[in-house]
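Written below as structure tokens is the structure these notes are about.
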2 protein chains.
Amino acid sequence: MARKSKEDAEETRKNIIDSAIELFLNKGVSSTTLNDIAENAGVTRGAIYWHFKDKTDILADIFSEVMNPIDTLAREIINDEAKTILDLKEHLKFVLKDIIFDKRKADIMSILLTRLDYSDQYKDFFNEHNVSHCKLLDATSIFFDKLQKKGTISTKFSARMIASSMHCFLSGLLTEHFRSEKDVMLKDHYGEYIEVFFAQIIN
Amino acid sequence: MARKSKEDAEETRKNIIDSAIELFLNKGVSSTTLNDIAENAGVTRGAIYWHFKDKTDILADIFSEVMNPIDTLAREIINDEAKTILDLKEHLKFVLKDIIFDKRKADIMSILLTRLDYSDQYKDFFNEHNVSHCKLLDATSIFFDKLQKKGTISTKFSARMIASSMHCFLSGLLTEHFRSEKDVMLKDHYGEYIEVFFAQIIN
DNA sequence: TGAAATATACATTCATGTATGTATATAATA
DNA sequence: TATTATATACATACATGAATGTATATTTCA
């Protein structure tokens with residue numbers, strides 16, 4: 001085969017991306033070759049090199065697809081849409097739900113968090129992800145600080161400390177979920193996890 | 001050069017391991033070649049192949065060095081050394097401190113958590129690590145269950161839920177710490193993080 | 001007919017594994 | 001104790017395969 005219509009070309013492009021996602025998930029990014037991707041997509045490497053510069057370029061395309069959900073969350077908090085802890089909890093639950101049940105998003109986040117090792121060639125992706133994290137950290141710090149001044153939440157810990165804890169909790173929750181869905185019961189209890197974090201466990 | 005004394009051989013072996021750890025940390029496991037390791041250790045690949053079967057074998061050796069701290073923690077809880085939440089918190093703080101400040105342990109855990117992507121060739125390591133996690137999950141579940149029956153902690157959530165949350169929190173804490181030491185203030189506040197998790201944040 | 005969308009072919013690099021060479025530590029022996 | 005044999009601890013060289021990138025051929029749309 002050779003040249004196809006513009007729509008067909010767009011289709012092969014999508015096939016390549018889909019194949020890449022599938023393989024990245026199953027084999028990990030670094031051990032997936034362009035040949036693997038091509039075969040899985042039913043094309044040759046020629047097609048891949050037409051649409052993409054290299055493997056990193058494919059990855060960039062994949063990650064650009066979902067505006068980082070963490071980032072969205074940060075924006076909402078910055079935009080002052082959350083007034084109370086209850087609001088924040090609802091936001092968090094929504095974001096979790098969104099990431100977990102939107103298969104495409106889940107797959108992509110899973111690749112970022114568990115199928116990519118921290119090496120030079122992928123540094124940019126981690127940096128970008130880290131920027132989002134920092135944004136969220138700052139936003140929630142400010143948020144908790146406000147609540148502390150209002151007297152809504154305890155001042156036993158600094159706002160930043162609480163924000164950082166929350167952030168690590170969420171990160172760990174997702175990472176463990178993607179690492180082994182069986183052990184973390186996130187799908188059935190995502191709301192509860194959020195509640196646990198903010199609840200008083202001790203009587 | 002050629003044959004050296006048994007002590008010298010042991011030394012080169014250690015050099016190889018140290019070089020590997022250093023490079024795995026800096027470049028990630030998959031993009032580190034045996035040649036990189038050899039050069040960095042001041043030997044040739046011949047030396048590496050004398051001491052190890054392949055890269056995976058080096059990794060296995062590295063991981064076997066530290067008995068997984070998570071595992072140790074689980075054992076202590078199973079052995080009933082923790083009677084109260086206070087005990088548990090102290091245990092957790094100790095484990096955290098141990099992992100963070102023992103550079104060797106920190107490096108190795110960092111490799112496991114952030115420098116290794118989840119692919120077929122490394123599946124065994126993740127499995128082993130996961131077994132430890134499950135042990136800890138079971139142990140803490142039983143622990144929290146006891147405390148709930150005693151009435152020491154809230155019964156609003158299932159013991160397993162609380163255990164899983166704690167587990168994800170710890171995992172996230174370490175992972176984020178290793179990903180970027182700057183953003184997580186674990187070194188200066190490791191105790192506080194533990195306190196935050198068990199504290200009542202809401203007034 | 002020209003350019004777009006691929007396949008094909010090829011050149012190159014690179015990592016791995018293995019085979020072999022070699023010097024020497026160590027043990028056996030006399 | 002001196003000598004010899006052998007296993008050890010590497011270095012070197014090579015063979016191979018695999019992944020990549022690129023150049024070119026091929027088809028076909030527009």
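Here the structure is a predicted model, which means the values were calculated and not measured. Lettering of chains follows the sequences in order, A, B, ..., and the numbering in each one begins at 1. Basis for what follows: all heavy atoms, side chains included, without hydrogens, waters or symmetry-related copies.
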Seminar exercise, completed: Here the distance between atom C1' of D:dA11 and atom CG of B:N15, to the nearest Å, is 16 Å
For this session: Between D:dA11, C:dT26, D:dT20, spot the one nearest the side chain of A:K55, thanks.
Result: D:dT20
Exercise. So with a 6.0 Å cut-off around NZ of B:K93, is the heavy-atom count from everything else above 12?
Worked result: yes
For this session: Tell me what A:T33 touches on the nucleic acid: a base, only sugar-phosphate, or nothing, going by heavy atoms under 4.0 Å.
Result: sugar-phosphate
For this session: Taking the side chain as every heavy atom from C-beta outward, state whether A:K27 and A:R115 have any pair of such atoms under 4.5 Å apart.
Result: no
Problem set entry | Closest-nucleotide 5' rank along DNA chain D - winner of A:D54 and B:I48 | B:I48
Exercise. Hey, which of these two, B:T32 or B:E7, hits DNA chain C nearer its 5' end, going by closest nucleotide?
Worked result: B:T32
Exercise. Is B:R13 salt-bridged to B:D61, going by a charged N under 4.0 Å from an acidic O?
Worked result: yes
Exercise. Is there side-chain contact between B:Y49 and B:L34, with at least one heavy-atom pair below 4.5 Å?
Worked result: yes
For this session: Would you tell me if any nitrogen or oxygen in the side chain of B:T12 comes within less than 4.0 Å of OP1 or OP2 on D:dA9?
Result: no
Problem set entry | Closest listed nucleotide, where the reference is the side chain of B:S5 and the choices are C:dG17, D:dC10, C:dA25 | C:dA25
For this session: Could you state the atom-to-atom distance from NZ of B:K6 to C1' of D:dC10 in whole Å?
Result: 16 Å
Exercise. 5'-most contact on DNA chain C: A:Y49 or B:N35, nearest heavy atom basis?
Worked result: A:Y49
Exercise. Which residue, A:G46 or A:L34, contacts DNA chain D at a nucleotide closer to its 5' end, judged by nearest heavy atom?
Worked result: A:L34
Seminar exercise, completed: Rounded to whole Å, CD1 of B:I37 lies from C1' of C:dA15 at a distance of 12 Å
For this session: Check whether any side-chain N or O of A:W50 sits under 4.0 Å from OP1 or OP2 of C:dT6, and answer yes or no.
Result: no
Problem set entry | Atom-pair distance (CZ on B:R45; C1' on C:dG21), nearest Å | 16 Å
For this session: Using whole Å, report how far CD of B:E10 lies from P of C:dA25.
Result: 17 Å
For this session: Measure from CD on A:Q121 to P on D:dA19 and round the result to the nearest Å.
Result: 15 Å
Exercise. Whole-Å distance between C:dC14 P and B:E39 CD?
Worked result: 12 Å
Exercise. Taking only side-chain nitrogens and oxygens of B:H51, does any of them come within less than 4.0 Å of OP1 or OP2 of D:dT8?
Worked result: no
Exercise. Does B:K105 pair with B:E65 as a salt bridge, N-O distance under 4.0 Å?
Worked result: no
Problem set entry | For atom CZ of B:F52 and atom P of C:dA15, their distance in whole Å | 20 Å
